[in-house]
Amino acid sequence: MIHLSQAAASEINRLKAKQHSMSLFRLTVKPGGCSDWFYEMSFDEKIKEGDRIFDINNTQVVIDHASYNYINGLAIDYSEDLMGGAFRFQNPQAIVTCGCGNSFSTATPSSV
């Protein structure tokens with residue numbers, strides 16, 4: 001399961017409305033970043049085979065099968081400070097995270 005704070009859901013829906021789109025919010029894990037893996041957020045029009053769809057705080061979140069293995073239990077929040085706004089990730093599977101918070105490593109490497 002993925003957890004999405006009300007602030008994160010509101011920001012996702014604000015960005016979606018700005019695009020004037022009924023797109024789905026897609027969360028993917030890709031190889032790279034400074035700690036092996038990084039989170040990629042995008043909007044997508046299509047549901048693909050193997051995708052998991054979650055309706056969280058009135059926001060549909062789509063996660064492909066391989067990415068789900070890395071982010072089961074992930075909590076996403078959104079906050080603003082003097083430097084601007086950003087999504088914040090709390091991943092119970094991460095054993096290392098980088099300073100930016102968007103890159104992480106897990107104990108058992110596998111491929112996405």
Side-chain angles (χ1 to χ4, degrees):
M1 180 69 168
I2 306 301
H3 307 280
L4 192 64
S5 73
Q6 187 59 50
S10 294
E11 181 62 10
I12 291 165
N13 290 323
R14 185 190 73 78
L15 292 169
K16 190 188 311 186
K18 190 175 176 180
Q19 292 185 350
H20 304 290
S21 172
M22 293 304 294
S23 299
L24 302 162
F25 173 70
R26 181 174 290 280
L27 179 63
T28 308
V29 171
K30 301 233 174 169
C34 47
S35 295
D36 296 334
W37 303 100
F38 70 95
Y39 304 105
E40 180 178 86
M41 299 183 298
S42 62
F43 292 106
D44 195 348
E45 296 291 333
K46 297 179 183 178
I47 296 173
K48 300 172 183 140
E49 186 175 333
D51 282 347
R52 295 184 184 208
I53 304 163
F54 301 91
D55 190 5
I56 309 166
N57 288 334
N58 297 318
T59 302
Q60 281 194 321
V61 180
V62 178
I63 301 168
D64 64 88
H65 177 71
S67 294
Y68 184 78
N69 294 329
Y70 289 95
I71 56 180
N72 186 20
L74 177 71
I76 305 171
D77 193 13
Y78 180 83
S79 62
E80 294 188 21
D81 58 22
L82 294 175
M83 299 301 290
F87 288 95
R88 316 283 184 213
F89 303 94
Q90 297 275 330
N91 189 337
Q93 296 185 52
I95 58 169
V96 174
T97 58
C98 70
C100 71
N102 292 333
S103 183
F104 65 99
S105 292
T106 59
T108 54
S110 57
S111 59
V112 170

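Here the rule is side chain to side chain contact (heavy atoms under 4.5 Å, CB included) with Leu27, and of Ile63, Ile12, Asp64 only Ile63 fits it.
Looking at residues two or more places apart in sequence or on another chain, you find a ring-ring contact (aromatic ring centres under 6.0 Å, His included) between Tyr78 and Phe87. Under the rule for a salt bridge (charged side-chain N to carboxylate O under 4.0 Å, His left out), the partners of Asp51 that lie at least two apart in sequence or sit in another chain are Arg26. The salt bridge (charged side-chain N to carboxylate O under 4.0 Å, His left out) test applied to Lys46 returns no partner, not counting sequence neighbours. In this view, Asp55 satisfies the salt bridge (charged side-chain N to carboxylate O under 4.0 Å, His left out) rule with no residue, not counting sequence neighbours. Asp81 meets the side chain to side chain contact (heavy atoms under 4.5 Å, CB included) test with Met83, Arg88; sequence neighbours excluded.
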Next on the checklist: For Phe89 and Thr97: C-alpha separation, side-chain torsions, deciding distance, then whether side-chain contact (heavy atoms from CB on, under 4.5 Å) applies.
Outcome noted: CA-CA 10 Å; Phe89 303 94; Thr97 58; over 6 Å; no
Item to check | Criterion side-chain contact (heavy atoms from CB on, under 4.5 Å) on His3 and Ile56, from CA distance to verdict | outcome: CA-CA 7 Å; His3 307 280; Ile56 309 166; over 6 Å; no
Next on the checklist: Test side-chain contact (heavy atoms from CB on, under 4.5 Å) on Leu24 and Ile53; report intermediate values, then the result.
Outcome noted: CA-CA 9 Å; Leu24 302 162; Ile53 304 163; 5.8 Å; no
Next on the checklist: Determine whether Ile76 and Val61 satisfy the following criterion, side-chain contact (heavy atoms from CB on, under 4.5 Å), listing intermediate values before the conclusion.
Outcome noted: CA-CA 11 Å; Ile76 305 171; Val61 180; 6.0 Å; no
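Smallest separation of non-hydrogen atoms from Val29 and Ser67: N-OG, 2.9 Å. Shown here for Pro92 and Asn72, the closest heavy-atom pair between the two residues is CG-O, 4.0 Å. Of all non-hydrogen atoms in Glu45 and Ser23, the two that sit nearest each other are OE2-OG, 2.6 Å.
In this structure, Ile2 CD1 and Tyr68 OH are separated by 6.0 Å, a value rounded to the nearest 0.5 Å. Atom CD1 of Ile47 and atom CD of Gln60 lie 6.5 Å apart (nearest 0.5 Å).
Tyr70 and Trp37 have tilted rings, their planes meeting at an angle from 30° to 60° on a 0 to 90° scale.
Side-chain contacts under 4.5 Å among hydrophobic residues (ILVMFWY), followed directly or transitively, place Val96 together with Ile95.
Atom CD of Glu40 is surrounded by more than 12 heavy atoms from other residues, nucleotides or ligands within 6.0 Å.
Placement of Leu4 and Phe43 within a single hydrophobic cluster is found when ILVMFWY residues are connected by side-chain heavy-atom separations under 4.5 Å, directly or transitively.
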